[in-house]
Amino acid sequence: MRANYDFEEAEPRWQRRWAEEGTYEVDLDDPRPPYYVLSMYPYPSGPAHQGHVRNYTFGDVLVRFRTMQGYAVLSPFGFDSFGLPAENAAIKGGAKHPREYTEARIAELRASVLRLGAVYDWRREVRSHDPDYMRFNQLIFLRLLAAGLAYRREAPVNWCPGCQTVLANEQVLSDGTCERSGDVVEHRLLEQWFLRITKYADEILAALDSLDWPERVKTMQRNWIGRSEGVLLRLPVEDHPGATIEVFTTRADTGFGITYVVLSPEHPLVAELTTPENRAAVTRLCRTAASESDRQRMESDVSLEKRGAYTGSRCINPFTNEPVPIYVADYVIATYGTGAIMAVPAEDQRDHDFAVAHSLPVVRTVTPPQGFAGEAWSGPGTKINSGFLDGLDVDTAKERATEWLVAGGIGERSVQYRLRDWLISRQRYWGCPIPVVYCPADGIVPVAEADLPVLLPEDVEFLPTGESPLKHHQAFLEAICPACGGSATRETDTMDTFVDSSWYFLRLCSPRDHDEPVDMASARHFMPVDQYIGGITHAILHLLYARFYTRALGDLGLAPPEIREPFTQLFCQGMIRLGGSAMSKSKGNVISPDEYFKSVGADALRLFHLFVAPPVDDFDWTPQSDEMIEGCARYLRRVWRLVVPDENETAGTAAPGTETTRATDELRRATHRAIDSITTDLGRYEFNTAVSALMELTNAIYRARHLGVDHAAVDDSVDTLLKLLAPMAPHLAAEAWERRHGGHVHQEPWPVADPAFLVEAKVTMIVQTNGKLRDRILVDASIAEDEATALALASAKVAEVLEGRSPRRVIVRAPNLVNIVV
RNA sequence: GCCCGGAUGGCGGAAUGGUAGACGCGGAGGCCUCAAAAGCCUCUGUCCGCAAGGGCGUGCGGGUUCGAAUCCCGCUCCGGGCACCA
């Protein structure tokens, strides 16, 4: 009836069938081996744009491919549904509650993903803002609290004036601005909740080595953790008996070069060590440092003027027993190491800059290389001016100085991390409440687990005051102390949304379990995630937190303790850029897939995303993209005509003969080559070359039909083509297969290449002289070396070049190549 | 500043030591059609040449090798990450 494939009718029909028939629903008792494919659950920002399309297409190809290979593929979906945009929209738009807003966006995104033909086990859907998810999110927090992995303390924090909340270090960009709003981040001293990720720093770092992840992601995590080995040493303060300044250094060997010591402005000893005549300058410095953002602090450095002030006190350099002045300066960071440093201006450029600005002495303890024209030399060399270290190289001296400090009780070996504990408090409404109350009698008291979840009140007003509406909601604030039964005040901070996303992949294994956040048997069955797919943007934040949480949950008995790493393989797809920046709703440069669903169908759009560029690469959306999408649609029509030929097309009319036999053989080999390369490509996320191989096979089938290959061989190749196409263009493959055979192509086993068809009987041997191509000769694949040489030397083209000379050397790589050197 | 990627036709890209440019987009010509759409066929790196054929060619300069887009050294440009972390 229909010659043309009506994708607009067929695609939604197949989408309904896959959902209704539960094709991609997987349970614990499934006899097939489990395989877990997960795309990072999205923040629901509304209908999908091309970035989502690319992401979910990649994931869906893997789900369908592994299913055809015989796995019980767990393919769940969820929504990272807490977060600022919903609350900001409520504040701006007035009427809509963040829940209503968020759920509308979820419906839109879910519809897009369904329309794309991506298949999930929707029974497993989780949403972070669902009370059920919040309950376990809070329960995990309470267990972390009980185990000492969550704690509250006053700390200098990153405050974003735009978002009116604190940010984790990870959310502050290197220029000192907020990653969300772009505002300059300020410093504030606030009581905040932290998670003790640093306890796992060593394990998380060490485990990176054996992780099958992209090297650049691992490098980024290593840099972020920033482990450094050194010494903590104590410097006694002159005229302050008992007072010592503790500093961390990785260069114990430079001790003889300490010419001053610096405290950060926030250091607890600043007030005590500042003498009256220096108080004014020191206080001014500390006040400026406190009020300024990191960016302003760094910008002050551009003038090379290291800002600092003398305290008036001195401490003793333990190496020389000489007193050195103690300064306060804002180039020392309070939150790293001990918040104080020993300054060695000859071997550290920052110290050198400061020393010059404040006329402090510089003593070299390493001989710089000949011709060194810089100021501070931090590289290797021979020790000088260093007493018992003189003449040693830096590494040996470092070890000797360390031993000396330890033996003298002055210091001990220490490892410091750039990684800080994870600050999770957010002063916002639309997040998961931190389940504690403040009791005048008992202090911080956790909410009883039986009383979870602590829900967000619905009757709140969103006003542009910058304050969380929770702070003014009486019914929410008023709580009963679980310890004494007296009245208490509820915590109004909510959790960073990265907490929600740090364990959802575990929850997805048993999303409806009412007793525990993670069912052990389910997690043991499905975890770890075999293929995790997402953007490189989460290389540090989400992926680091998830690795931490997986370990912490295991150690708390909330998840299988033997599962340390959540994601076996990670694939980071490139982003789609439009007008120079990543396509995203917040940037307002999105291209919707909707018009393509209508004009060419989901399959053509999927194929385009698979074909247009290597999946790991970024690619720029250009006007040419539309032409290429049209090309993919054209290709699919070409496939369709193999199944339902036009009436004026002729096929297989030639009489059987030797030509036919050879063409049939060639078609069969083309088919098995396609199976082989596509299977390899899909396993390596090289979807672009997989599509290209599909096209080559299609071309080969057309060629064969043209030559009159018998119907059985063509039919066989078309069937294989449809199976190979099934993960990438699932609707058309399903429709075509059903017409030919009935049943589901996606339930067919994945084809396996027969090695017998991968070897060629005849090979084109190339003949070179001095590495330059001269001739091509068709030879038997089994040709012997001497025979190949003889054939090559017999070539007229070679004779021309040789001009009667005899070859100096002949390189033979039978049957592919002979290179004659003259 | 440090670290990590990348550079191949008009365009997206393929080839990881052995025929550079697979596959596709765009372009040119032809067929079909009253016409169009759709489709089919041929050509399409560049220069010289009527042609046969030949020269050149993977950002630039060197090197290793019988042979380099591919490996090594040094540059240029582009992209990303980190950046006062002692």
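Not measured: the values here are computed from a predicted model. Quick note on labels: first sequence line is chain A, next is B, and so on, each numbered from 1.
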From CD1 of A/Ile766 across to C1' of B/A68 the rounded distance in Å is 13 Å
A/Met728 CE to B/C23 C1': how many Å, rounded?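 Taking CE of A/Met728 and C1' of B/C23, I get 13 Å after rounding.
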Over all strands shown, is [X] touching base, sugar-phosphate only, or nothing at heavy-atom distances under 4.0 angstrom?
X: A/Arg808; result: nothing
X: A/Gln624; result: base
X: A/Asn688; result: sugar-phosphate
X: A/Ser228; result: sugar-phosphate

Using the [atom1] atom as the reference point in each nucleotide, state the distance between [N] and [M] in Å, no decimals.
N: B/G59; M: B/A51; atom1: C1'; result: 36 Å
N: B/G39; M: B/G24; atom1: P; result: 14 Å
N: B/G74; M: B/A14; atom1: P; result: 27 Å
N: B/C11; M: B/G27; atom1: C1'; result: 11 Å
N: B/C77; M: B/C84; atom1: C1'; result: 30 Å

Does [X] put a side-chain nitrogen or oxygen below 4.0 Å from OP1 or OP2 of [N]?
X: A/Arg577; N: B/G79; value: no
X: A/Arg634; N: B/G26; value: yes
X: A/Ser625; N: B/G12; value: no
X: A/Asn699; N: B/G24; value: yes
X: A/Lys772; N: B/C56; value: yes
X: A/Arg307; N: B/C84; value: no
X: A/Arg774; N: B/U19; value: no
X: A/Arg216; N: B/G81; value: no

**OP:** Assess the pair A/Tyr327 and A/Phe354: is the distance between their ring centroids shorter than 6.0 Å?
**Re:** yes
Along RNA chain B (nearest heavy atom to each residue), the more 5'-positioned of A/Asp618 and A/Thr335: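 Residue closer to the 5' terminus by nearest nucleotide: A/Asp618.
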Taking for A/Ala633 and for A/Gly226 the nucleotide of RNA chain B with the nearest heavy atom, the one nearer the 5' end belongs to A/Ala633
Quiz item: Is a side-chain N or O of A/Ser625 found less than 3.5 angstrom from the main chain of A/Trp621, in a donor-acceptor match?
Solution: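 No: the side chain of A/Ser625 does not pair with the backbone of A/Trp621.
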Donor-acceptor contact below 3.5 Å, side chain A/Asp351 vs main chain A/Val344:
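Yes, because the side chain of A/Asp351 sits within donor-acceptor range (under 3.5 Å) of the backbone of A/Val344.
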Pairing partner of [N] (Watson-Crick or G-U wobble, both distances under 3.5 Å):
N: B/C77; result: B/G6
N: B/C40; result: B/G30
N: B/G1; result: B/C82
N: B/A20; result: none
N: B/U46; result: B/G55

Under 6.0 Å from the six-membered ring centre of A/Tyr702 and within 45° of its axis: does the NZ or CZ of A/Arg705 meet both? yes
Salt-bridged, [X] to [Y], with N to O below 4.0 Å?
X: A/Lys762; Y: A/Glu760; result: no
X: A/Glu399; Y: A/Arg251; result: no
X: A/Arg669; Y: A/Glu666; result: yes

ask   = Taking everything shown except A/Arg216 itself, do over 12 heavy atoms lie less than 6.0 Å from its CZ?
value =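 Atom CZ in A/Arg216 is not packed in, count stays at 12 or less.
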Would you tabulate the pairs of protein nitrogen or oxygen atoms and nucleotide nitrogen or oxygen atoms of nucleotides 61-66 of chain B closer than 3.5 angstrom?
unit_1: B/C66; atom_1: OP1; unit_2: A/Arg809; atom_2: NH1; d: 2.9
unit_1: B/C66; atom_1: O2'; unit_2: A/Asn819; atom_2: ND2; d: 3.3
unit_1: B/C66; atom_1: O2; unit_2: A/Asn819; atom_2: ND2; d: 2.4

Worksheet item: Do A/Tyr596 and A/Asp626 pass the side chain to side chain donor-acceptor pair (under 3.5 Å) test, and can you show the C-alpha distance, the side-chain angles, and the key distance before you say yes or no?
Response: CA-CA 9 Å; A/Tyr596 298 101; A/Asp626 282 332; 2.3 Å; yes
### Query
Quick one: the side chain of A/Glu696 and the base of B/C23, do they pair up donor-acceptor inside 3.5 Å?
no
